[in-house]
Structures are given as structure tokens and as C-alpha cells.
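What follows is a short report on a single structure.
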Amino acid sequence: MREIRQALLGADVSYKVVKSFIARVTERAVGEGVLRSVKPGQQVVKIVHDALVEMMGPVDHAINWSSKGPTVILMAGLQGTGKTTSCAKLARFFVRKGKRPLLVAADVKRPAAIEQLKTLGRQLDLPVYSEEGKRPPMICKRALKEAEATGRDVVILDTAGRLAIDAGMMAEVAAVAKKTDPHEIFLVCDAMTGQDAVNSAESFNRELELTGVILTKLDGDARGGAAMSVKEVTGKPIKFAGIGEKIEDFEEFHPDRMAGRILG
Amino acid sequence: IVAGRKVDADLLDEIEEVLITSDVGVEATGNILDRLREAYEEKEIEDGEQIIPHLKMILKEMLESDGAGIRWAETAPTVVLVAGVNGAGKTTSIAKLAYHYHGEGKKVILAAADTFRAAAVEQLTIWSERIGVGIVKHQTGADPAAVAFDAVEAAVAREADILLVDTAGRLHTQDNLMRELEKVYRVLGKKIPGAPHEVIMVLDATTGQNAIQQVKVFGKDIPITGLFLAKLDGSAKGGAVIAIRDQVDVPVKFIGVGEGPEDVEPFVADDFVEALFA
Ligand SMILES: Nc1nc2c(ncn2[C@@H]2O[C@H](COP(=O)(O)OP(=O)(O)OP(=O)(O)O)[C@@H](O)[C@H]2O)c(=O)[nH]1
Ligand SMILES: Nc1nc2c(ncn2[C@@H]2O[C@H](COP(=O)(O)OP(=O)(O)OP(=O)(O)O)[C@@H](O)[C@H]2O)c(=O)[nH]1
Ligand SMILES: [Mg+2]
Ligand SMILES: [Mg+2]
């Protein structure tokens, strides 16, 4: 069990998540009499793998589509995790399902953030809503009006990266959610995130009613233990994975593949 | 972790937890705990009161280096190449260095050699305008090495003191992009022998143990002379730099502590280690 613990910590799974997970699988192994058997090794690995798959799953890429008016998707997360890029990826994903998305450039802070989303919108031939010099909550509220007026049935709100410990910025994104009542609120999380994943996930989940997680940069070689931490502390499904920089590098998340990757 | 306790397994477990949760990682933490056990056996530590100061001393030693700050070239311009994985904070970190050296009266030029990402050139251009420094750029889609080449020519012609070269984010697992970075590096050296005089790799303080791999693999292709640890104003401790120093001899030169141009500080090992235990 020590080896499993070291493997999980080596994969960047949060310390407290590893602790409770090891306790659970030890209990299960004891309960199944595995640890008293002649060769517990293989059976322990199987119990751990199955428990991990169970924990990372179930498979869930459902979107809570609106029954009336546009479906609103809010994208939130720490700085540089891939939110803006993922907005474009999600938009393309929806276009392929026959939807007509509107992208909303509600990051008024980062230099050229609006331009970045507009460029991605042009690549997809999709409209991008933006305003100069206004605050994100009202920009997003007016964007919904614009969507209704122009027959757009999905609205994807790109927001500025923010620290979970920045009370003002967390209040701002909560205000965006309040003004737009999103059908989906995604935490966009970088797969190479370390121990801090629990802290930021907990805060974002507290301030926003997260409905899911998008895990980005999975095309790298980070083991991705942050996925386990985020899933465990929020209880919210990881719905999508970013697997590259191009707009088409996006897929539904596979819990079983992630379990194998984390275990190494 | 409290003074006046005996050095036992429980105390070492608590120390392990502090190190692991700070992203020091399994391997480096194991090495550090071994050194603590050794110190206890050799009577350098005799009770719990001495263990934390001894631990801090070990960590500070691991992080010490002889040079924070940019090492200036013998003749201007000093060329600084900035690299790192996607979203680490390269472009913003360059803006901070530009603001700092511009404020010191140095002539600064920026090179927008991220010709790939949407609005990357626009982002750096806005910074150059806000700070009041020159920028060399081509259109998106241009060859980054061509931008680097032109930038060095301009830096020489305009008698700049420092040239900061921004590059596209790339994962070390992308061979073609690592080749591209290598090419930018070589082109800089062709124009000015000895350039780039500094190769700064930007690391995101929220990154876990993959940071070790990033530094090692980037470092295989280009000689990294310093690390810029960004986003240390968050709740992440950035302890991965300890794991890195445990394996590679690359100093942390700067830390990023916010999103504004003034949010950069020289790395001070003492302060960093104290913050781990705060
Ligand atoms: N390799 C790889 N790169 C990605 C992925 N997703 C995003 N990126 C890159 O990561 C970097 C940051 O992406 P952005 O979309 O600008 O991130 P962001 O969260 O909007 O950043 P802020 O708005 O500053 O917080 C860019 O270089 C993207 O191209 C992914 O799945 N794989
Ligand atoms: N809080 C905080 N945010 C930072 C810091 N450094 C950079 N950022 C933010 O991190 C995000 C990404 O920064 P960039 O400078 O675009 O990162 P990059 O490495 O150039 O990204 P790519 O070029 O896409 O690979 C932006 O939102 C920055 O404002 C820092 O020290 N603290
Ligand atoms: Mg963004
Ligand atoms: Mg950049």
C-alpha cells in the first residue's frame, strides 16, 4: 500500500486525497481478505485500479441543455489554464452537434484577451460578443440578450483567470453567474497542477455551483493527479479533456484512461 | 510543527506532509528526510526544537545561488530568451522584466517570437505600448527564428541594452516545437556570438512534479540559465523548484507575484523557505 501511496503522491494527487483513498482501499482489501492471501500484490493493484476508475467516473459528458432560451456555459479557473482556448473548442464541439454558439469575451483584464477570442471566433466563423470598458457581469447579461435577438442557442462565457484566494475576483465571477444563471459552470483545470488543485477547486466550488470540470493540456506527460483531487473535493464530473492547442484538440473525458495514467 | 518534541516518526511524518503539500515531491522529500535522519544520528539535531531550523537550513542551501538578476553581457545588447510551457506566464513575465529595466534607465526591446497563438503578438504589443519600450514583430504565422533574427539586428542598430525574446508556449513532449525553440536559440547566437546571454524558463508555481520534467527536457535542447517562478501570489507554494534544484543546477532568478508590470521580485531563498512554513 506504501508503494501505491508513493505512486499517487508522485502523480501529484493531493496529500489528503491520497490519505483518504488509501484508507478506503485498505478497508476494501481487508474486507475482501486480500491482504491475508498468499500474493496480495496483484489483487491490491486491481482493487486500487477499480477504486480509482470508480472515483474518476462515471462517464458524464452530458450538457444540461436549456429548455427555453439559450444554454449558458460559464468557464472559470486560475490564470493560464486554457479557458479561452477551451471556449473555442467547446464552441466547435457544439457546432458539430448542430448548435449555433455565441462566444462572449468577458475577460476585460488581460491584454488582448478580447482579441484572442475574436481571432478564435473568426477561425470558427462564429460571432464573438464584447464590450469596451464595461464590467463582466453586465457584459454577460447583455450578451444573453444579444444571443436571443440573433437566434444563438448556446452562449459560452470566457472569463479572466483569477486566484481562488482573490476575494474580489471570486465575487466578480459569482456575480457573472448570478446575472446569467448558467446551465453549466465549468472549472477549467490544468492537468499539470500540483497539490494546490484541492485548494483552488474547493474555493471555486464554494463560490460557484460548478457543474463540471474541463481538464486541459492532457497531451503533455504530467500524470494528472490533479484530476483525482478535483473530482474528490468537488464531486463534480470531469466532462471534457483538452488534448492540444488546436481547436479540434478536444474530446470527452475518459475516467478509465485517466486512472491508468495517474497510477503510471 | 512544534518545538520541544522528540524527533520521532510522527514528527517526520508532519514534516513530510509540509514538504509534499508544498509540491517538493516524493523523491526530493525522501532525500531531505534522509538528511534529517542522518543529522539526528550524527547528533547535529538532538531534539524536536532543532529540527525545523535544520530543515530550513537544508532547503536554503539547496536553493542558494550566486546570481539573482540578469547577468549582463560584456557588450550590449544582453539577449534574454524566455521559454516555457503553455500558459506558464512568459509574456507577462517579459513585461515585468521590461518594466523593471526600463525603470532603471535601460533601453529595452521586445521580440514577439510567439507567432503561433491567437493574439500573442497583440498581447506583447499592448505591453510594449504601456511600458514604453520598442518591439520587433512580424505577423502571426511568421517564422519565429526570423523574428528573433530581425530583433537582434534591431537591438544592435538601436543600441539597446537588453533584448527580451518571447516565445510560444510549448510542451516538452512536442518534438517539433522543441526543435523550433532550438532554432530560435541558434539564430540568436548566429547574430551575436554568446547570445542568448540568459535563457529564462518560466514555471507556473501551481505546477506539480511535472515542472522537474519540464526543466530537464527543455534543458536538454537549450542551456537554461535561470528560472522565473510565476504566480507565487496564489496559494501554491512552488516547492517544485526545490525538487528541481535537487536534480539540476539551475538557479531561480525571479518570482512573479501578480499580474501587473511591477509584480516581480528577485528570488530570495530565505524568504521562499520561510514562506513554506508560514
Ligand atoms: N498543449 C496544450 N495547450 C493548451 C491546451 N489548452 C490550452 N492550451 C494553451 O495554453 C495556453 C493558455 O491558454 P489560454 O486559453 O490563453 O488560457 P486561459 O485560461 O484563457 O488564460 P487566462 O485568460 O490568462 O487565465 C495557450 O498557449 C493555449 O494554446 C491543451 O489542451 N493542450
Ligand atoms: N496571479 C498571477 N498571474 C500571473 C502571473 N504571471 C502571469 N500571470 C497570468 O497568467 C496568465 C498567462 O500569462 P501569459 O503571460 O499569457 O502566459 P504565457 O506563458 O505567455 O502563455 P502562452 O504564451 O499562451 O504559453 C495571464 O492571465 C497572466 O496575467 C503572476 O505572477 N501572478
Ligand atoms: Mg483567457
Ligand atoms: Mg505568451
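Values below: every heavy atom of this structure, side chains too, minus hydrogens, waters and symmetry copies. Within every chain, numbering begins at 1; the chains are lettered A, B, ... in the order of the sequence lines, protein sequences first and strands thereafter.
- The main-chain N or O of B/T173 is never found under 3.5 Å from a side-chain atom of A/D221 such that the two would form a donor-acceptor pair.
- The number of heavy atoms from other shown groups lying within 6.0 Å of CZ (A/R96) does not exceed 12.
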Decide yes or no on side-chain contact (heavy atoms from CB on, under 4.5 Å) for B/T206 and A/L78, but give the supporting numbers first. CA-CA 9 Å; B/T206 67; A/L78 297 175; 4.3 Å; yes

If you apply the rule side-chain contact (heavy atoms from CB on, under 4.5 Å), what do you find for B/E122 with A/I114, and how did you get there? CA-CA 11 Å; B/E122 286 83 342; A/I114 295 175; over 6 Å; no

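- Most heavy-atom pairs under 4.5 Å with chain B: of the set A/A226, A/G220, A/G225, this distinction falls to A/G220.
- By number of non-hydrogen pairs under 4.5 angstrom with chain A, the leading residue of B/T207, B/T92, B/I126 is B/T207.
- Remark: B/T29 OG1 to A/Q6 CD distance equals 9.0 Å, nearest 0.5 Å.
- When each of B/K231, B/E27, B/E17 is scored by its heavy-atom pairs under 4.5 Å with chain A, the top score falls to B/E17.
- When the shell of 6.0 Å around CD of A/E3 is examined, it contains 12 or fewer heavy atoms from other residues, nucleotides or ligands.
- Summarising the local packing, OH of B/Y99 is surrounded by 12 or fewer heavy atoms from other residues, nucleotides or ligands at distances under 6.0 Å.
- Proximity to chain B involves both the backbone and the side chain of A/L9, based on heavy atoms less than 4.5 angstrom apart.
- With a threshold of 4.5 angstrom between heavy atoms, B/E259 approaches chain A through side-chain atoms but not through N, CA, C or O.
- If you measure heavy-atom distances from A/D219 to chain B, the contacts under 4.5 Å come from both the backbone and the side chain.
- Atom OH of A/Y15 and atom CD1 of B/I20 lie 7.5 Å apart (nearest 0.5 Å).
- Of the atoms belonging to B/V217, not a single heavy atom falls under 4.5 Å from chain A.
- Under the 3.5 Å distance criterion, with hydrogens and angles disregarded, no donor-acceptor pair is assigned to the side chains of B/D23 and A/Q195.
- A salt bridge links B/E16 with A/R5: the closest approach of a Lys/Arg side-chain nitrogen to an acidic carboxylate oxygen falls below 4.0 angstrom.
- Ranking A/K109, A/R122, A/K19, A/Q123 against chain B, the residue ahead of the rest is A/K109, based on heavy-atom pairs under 4.5 Å.
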Apply side-chain contact (heavy atoms from CB on, under 4.5 Å) to B/D233 and A/L163, showing your working. CA-CA 8 Å; B/D233 48 316; A/L163 295 177; 3.3 Å; yes

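- In this structure, CG on B/D204 lies 7.5 Å from OG1 on A/T193, to the nearest 0.5 angstrom.
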Go through the steps to decide whether B/R117 and A/Q116 satisfy the test side-chain contact (heavy atoms from CB on, under 4.5 Å), and finish with yes or no. CA-CA 8 Å; B/R117 207 208 67 213; A/Q116 184 184 4; 3.6 Å; yes

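- Within a 6.0 Å sphere centred on CG of A/D125, heavy atoms belonging to other residues, nucleotides or ligands number 12 at most.
- Shortest non-hydrogen contact noted between A/K217 and B/L171 is O-CD1, 4.5 Å.
- Of the atoms belonging to B/Q213, it is side-chain heavy atoms, and not backbone ones, that fall under 4.5 Å from chain A.
- Residue with the most contacts toward chain A among B/G89, B/S235, B/G169: B/S235 (heavy-atom pairs, distance under 4.5 Å).
- Panel note: side chain A/E245, backbone B/R170; no donor-acceptor pair is recorded below 3.5 Å.
- Top candidate by heavy-atom pairs under 4.5 Å with chain B, chosen from A/R223, A/R110, A/K16, A/K118, is A/R110.
- Residue with the most contacts toward chain A among B/A211, B/A119, B/A205, B/G25: B/A119 (heavy-atom pairs, distance under 4.5 Å).
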